[in-house]
Every structure is written in C-alpha cells, then in structure tokens.
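All figures in this text were calculated on a predicted structure; none of them were measured in a lab. What's counted below: heavy atoms across the whole structure, side chains too, no hydrogens, waters or symmetry copies. One-based numbering, in listed order, for ligands and for the atoms of each.
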Amino acid sequence: MTDRHIEALVSELREHRDLPDASLLELLSTEQDTSSLHLQADEVRRQIYGKSVFLRGLIEFTNYCKNDCYYCGLRRGNSRVQRYRLSDEDILSCCATGYKLGYRTFVLQGGEDGYFSDERLCALVSAIHAQYPECAITLSVGERSADSYRRLRQAGADRYLLRHETANRGHYEKLHPADMSWGNRRRCLYTLKELGYQVGAGLMVGSPFQTDSNLIEDLRFMQELSPDMIGIGPYLSHSDTPFAAYPNGSMRKTLRLLSVIRLMFPYALLPATTALGTISPKGRELGLKAGANVLMPNLSPVRVRKHYSIYDNKICTGEEAAECLACLAGRIKSAGYELVSDRGDVRR
Ligand code: 5AD
Ligand code: FES
C-alpha cells in the first residue's frame, strides 16, 4: 500500500505539473512504496501517447572521443578501448536493415570525433535524408559550434540528443575535467532549440557526488529549457575510468525520477534506456510502466557493439543480440504496450 501522504503528493504533482522543492525531494528519496507514483505516470502517458512505444534505431557510428569525462568508458584517456569508425556504407546499411524492420527514426550516436567534420557529417545526414525522406534523423554527437548545428539541421537532421548531465555547475566540474564547460553545454542546448531541433536533455541518476537537491536543480533547469526528449538512466561504473570505484546508481530512484518527469512534462518522449536494462533484466519494462514511451534498440553491426563500452556489462553487445527488436517485441507486448512503426514526434 502506498502511503497516504505520498499519494497526496502524487495527485498534487499530476494536477499542477509541479510541486515545491521539498515535496519533490520527498518523492525522490522516499523509501515508501511508490506504486501510486508509477501508476499515475503511466496513466498520464496513456492520455497523450496511448499504449504506443516508439522505436529509435541506434547506430553507434564512432567510439573515438576527444573528451575525457571521468565517468565514461569511451573517454580519450582509456587506452584499453579498441577504437572504430563505421564507414558511410556501413551506416547506410544499418539504416536499410532498420527500415525493413520498421524503424522510422535513426539515431546517429558517437563520441566527439574530429574525423566527422561538418562536411562529412552533413554529407552522411543528406544521404540518409534523401534515401529515407519520411524518417526522422536524430544526432547525438556532443558539443559543436552553432554554425555546425545549423548546417546539420539544413542537411536534414530533425532531432538532437545532448544530455545536460547535471544542472549544478559545481557538480558538473566534478564529473568533467577543466577543459569541459558547464556553460557551453547549456548554450549548445539553447542553440539547438533555436535552430528548430527537437531537443533531448538528460542525466545519470546516482552519478558520483550527486545529491538529491542536484536532481531538483535538474528538474528546474529542464522546466526552463522545456526539452522534447529526456533521457535518464542509472549511473553505471566502468572499470577503466577514474570513477571505477563509485557504486552504480539505484534502479528504484531512476524509476521514481522517470515518473516524476512524466508528471511534470506530460508531453515528453522518455526512453527506457539501455542503462536501465543493464542494471536489471526487467529494467526497461519497469521503465515503461513508470511512464517511459521510447525504446532505442541497437542497430549497430554486431562486430563493433562490444567496443561501444560506455559502462561495464552493457546489454545487447553479444552475438545473440543481432536482433534486438525481436527480443523486445514480445516483452513489450506482454507488459501491455504496443511497438509502433512511426516517427514518433513529440505531441506538445
Ligand atoms: N553510466 C551511465 N551512463 C553513462 N553515460 C556516460 N557514461 C555513463 C555511465 N558510466 C551517459 C551520459 C551520456 C550518454 C551518452 O551516456 O549521460 O550523455
Ligand atoms: Fe537487445 Fe534484447 S533488446 S538483445
């Protein structure tokens, strides 16, 4: 049984799409049963998106990265990663496979890899756009100049994922070396919005040094930015990073935050992330039940998947995972949802 007090907070949150900081803190940190929070979030999602779960075909096209984020296995300082870049041909063939399977959104995700200049990336986006004009193209390639974002948008990119990671400046500086800037990351997000991208922000739950009040700051920042997509998953440690010894984030807290986000941002596209599926075998299904409505199965060639090792034990990297869609379809249906073949644009 959910505590009456928790139930009252959840109703108020649903009605006003907001709560005072202290009440949000209570919801995020409670040890009580939070089934009412998750049920209400599921209902709000149903009002806007029904039972539909949107698919994004994820193509991890380069694991080179010039940054050195302390939490990420692809950081430049990790010399144990076998680096790879997919050719245009490989990428287009991932799209072809995905299209046949019913995907209508392709997500090109990679580290910040200087090889992919504006010329190269724009040519790639144009080629995909020309071949699949009815599909959405999402980029997730980190911080670039406003001019670069403009050119990519003109080339046919519709959406951009750039997690803000943390809204708190001090916390940001604990997660990143001094050559990375909290201010620039936020600037990038506002620039992307101005250019007409559907924008995704987001964060890791339980990253080292994160406090619950940091999470409230994240919510307040996102209220200001008003992103179309919000990606959250638990922090998971990677053994070849400076944060190797820090514990993983909590699945239950991630699920609580997911539901709070659904109630505060009813229209948002919220993925049940791979990190959630990694921390628990039923994580993604629980994510959907807590208000998520997007899945991002891996479309990358199986031979490179194990090298895109952001954190340890990432799922869908083995030979058995050649067909993530088939694996997910049954699970999703039995959880009461419907996989749809659709661009899945935001419904504001
Ligand atoms: N655990 C969980 N998520 C991570 N990311 C990076 N490293 C980790 C990790 N160790 C997330 C970041 C990044 C996204 C692509 O992956 O939030 O924006
Ligand atoms: Fe990739 Fe199940 S979703 S193997």
Side-chain angles (χ1 to χ4, degrees), residues 56 58-78 80-81 107-113 138-144 159-168 171-172 174-177 180-182 184-186 188-189 192 199-210 214-215 218 221-222 225 227 229-251 253-254 257-258 261 270-280 283-284 287 294 296 298 300 305 307-317:
R56 319 302 195 197
L58 184 63
I59 306 172
E60 297 162 334
F61 71 102
T62 172
N63 71 352
Y64 282 85
C65 191
K66 69 175 167 62
N67 293 331
D68 220 12
C69 308
Y70 300 137
Y71 48 83
C72 181
L74 301 184
R75 63 201 304 271
R76 68 161 186 263
N78 184 6
R80 299 180 63 168
V81 185
V107 181
L108 295 180
Q109 185 166 86
E112 293 194 14
D113 178 0
T138 305
L139 293 175
S140 178
V141 290
E143 297 175 29
R144 300 175 76 99
R159 307 184 185 142
Y160 205 102
L161 306 179
L162 183 72
R163 290 186 175 183
H164 65 284
E165 310 298 358
T166 170
N168 180 284
H171 184 219
Y172 187 93
K174 288 183 179 159
L175 299 180
H176 303 95
M180 292 182 71
S181 143
W182 170 86
N184 192 54
R185 199 151 189 99
R186 294 166 77 104
C188 285
L189 283 162
L192 289 162
V199 169
L203 62 128
M204 298 173 283
V205 176
S207 61
F209 315 109
Q210 181 183 70
N214 290 153
L215 292 175
D218 289 320
F221 167 66
M222 293 193 289
L225 177 71
M229 289 88 76
I230 300 174
I232 68 159
Y235 162 75
L236 298 171
S237 86
H238 187 295
S239 44
D240 300 319
T241 65
F243 285 171
Y246 288 91
N248 289 344
S250 137
M251 175 173 80
K253 180 168 277 182
T254 305
L257 182 63
L258 200 51
I261 289 174
L270 303 180
T273 53
T274 305
L276 203 47
T278 297
I279 203 169
S280 157
R284 285 175 297 179
V294 171
M296 302 173 68
N298 201 326
S300 312
R305 288 192 193 179
H307 304 307
Y308 206 85
S309 49
I310 300 182
Y311 42 75
D312 290 338
N313 306 314
K314 186 165 167 252
I315 53 169
C316 305
T317 59

(Q) If the threshold is 4.0 Å, N to carboxylate O, is there a salt bridge linking E143 and R185? (A) yes

Q.
What I want to check is whether the side chains of N168 and T166 have a donor and an acceptor closer together than 3.5 Å.
A. no

Q | Test salt bridge (Lys or Arg N to Asp or Glu O under 4.0 Å) applied to R159 - qualifying residues, sequence neighbours left out | A | D345

Measure from every N or O atom of ligand 1 to the protein's N or O atoms and keep only the pairs below 3.5 Å, writing each with atom names and distance to 0.1 Å.
unit_1, atom_1, unit_2, atom_2, d
ligand 1, 1 (N), L236, N, 3.0
ligand 1, 1 (N), L236, O, 3.3
ligand 1, 10 (N), Y71, O, 2.9
ligand 1, 10 (N), L236, O, 2.6
ligand 1, 17 (O), R163, NH1, 3.0
ligand 1, 17 (O), E165, OE1, 2.7
ligand 1, 17 (O), E165, OE2, 3.4
ligand 1, 18 (O), E165, OE2, 2.5

Q) Quick one: does D113's side chain have a donor or acceptor within less than 3.5 Å of a partner on Y64's backbone? A) no

Q) Do you know which of F209, F243, W182, Y71 makes ring pair (Phe, Tyr, Trp, His ring centres under 6.0 Å) with H176? A) Y71

Q: Could you tell me whether the side chain of N63 and the main chain of H307 form a donor-acceptor pair under 3.5 Å?
A: yes

